[in-house]
Amino acid sequence: DAGVTQSPTHLIKTRGQQVTLRCSPISGHKSVSWYQQVLGQGPQFIFQYYEKEERGRGNFPDRFSARQFPNYSSELNVNALLLGDSALYLCASSVRGEAFFGQGTRLTVV
Amino acid sequence: GQQLNQSPQSMFIQEGEDVSMNCTSSSIFNTWLWYKQDPGEGPVLLIALYKAGELTSNGRLTAQFGITRKDSFLNISASIPSDVGIYFCAGGALSGSARQLTFGSGTQLTVLP
């Protein structure tokens, strides 16, 4: 069975640009969450989507947005990139409170 | 953002030794999860705990959900080289209608031959 898949795996962007990250959940999982992990820290919650509706948002600025599609895949968008947005962005699909993560997208902002 | 208090921050142990790490929080959680993360990879779920006092094993791994619902520990018995990695605890709670995880800062485990 395929796990959570994310694309791209690596990305380099310039300050001020916009980026879109993509995630496909485990088949049958309707909930997708996004986390940001900076070097040396644990992941930080950004968004949760369930059945295409936003269920929650972490302490991130409005430059961060997301959506979930009818097939339960999801996109995370970040506008006006800052150097501090450089991090590993993780997508997780979940069922019964257990979250399963993808391999992440490593975003570097220069 | 909030992170749980996870200790120790790093451990160096000999192969075959047992390992213990723990997480504490000022908040109550409904679930406790333990993950292992290798360099360049996403976290891999090791154990999930759902009830206060619950003790669960997965092979050489044992974890417990604290009675107060504010802490959890993970034990690894008879460590082997492939146990090397960063271990994260995560507390799960409902915030509004969102089910979100709050992570610890990680325990870096090194197993010496």
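Both backbone and side-chain heavy atoms feed into the values below; hydrogens, waters and symmetry mates do not. Keep in mind that what you see is a predicted model, and the values were worked out from it rather than measured. Proteins come first, then strands; the chains are lettered A, B, ... in the order of their sequence lines, and each starts at number 1.
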Intermediate values then yes/no, side-chain contact (heavy atoms from CB on, under 4.5 Å), Leu101(B) and Tyr35(A): CA-CA 9 Å; Leu101(B) 297 179; Tyr35(A) 289 79; 3.3 Å; yes
Shared hydrophobic cluster for Leu81(A) and Phe64(A) (ILVMFWY, side-chain gaps under 4.5 Å): yes
Between CD on residue Gln100(B) and CD on residue Gln44(A), distance to nearest 0.5 Å: 10.0 Å
Exceeds 12 heavy-atom contacts within 6.0 angstrom, atom CD of Glu51(A): yes
Straight-line distance of Glu98(A) CD to Leu49(B) CG, nearest 0.5 Å: 10.0 Å
Cluster check Leu88(A), Phe60(A): I/L/V/M/F/W/Y, side chain < 4.5 angstrom: no
Separation of Thr102(B) OG1 from Phe45(A) CZ (nearest 0.5 Å): 9.0 Å
Same apolar cluster: Tyr72(A) and Leu76(A), side chain cutoff 4.5 Å: no
Residues Phe100(A), Leu45(B); criterion side-chain contact (heavy atoms from CB on, under 4.5 Å); working and verdict: CA-CA 7 Å; Phe100(A) 300 89; Leu45(B) 182 62; 3.8 Å; yes
Region of Gln6(A) that comes under 4.5 Å of a non-hydrogen atom in chain B: neither
Distance, nearest 0.5 Å, that separates CZ of Phe103(B) from CD of Gln41(A): 13.0 Å
Per-residue contact mode, Gln37(B) against chain A (heavy atom under 4.5 angstrom): side chain
Cluster overlap Leu61(B) with Tyr50(B), hydrophobic side-chain contacts below 4.5 Å: no
Heavy-atom pair with the smallest gap, counting every atom of Leu90(A) and Pro43(B): CD1-CD, 3.7 Å
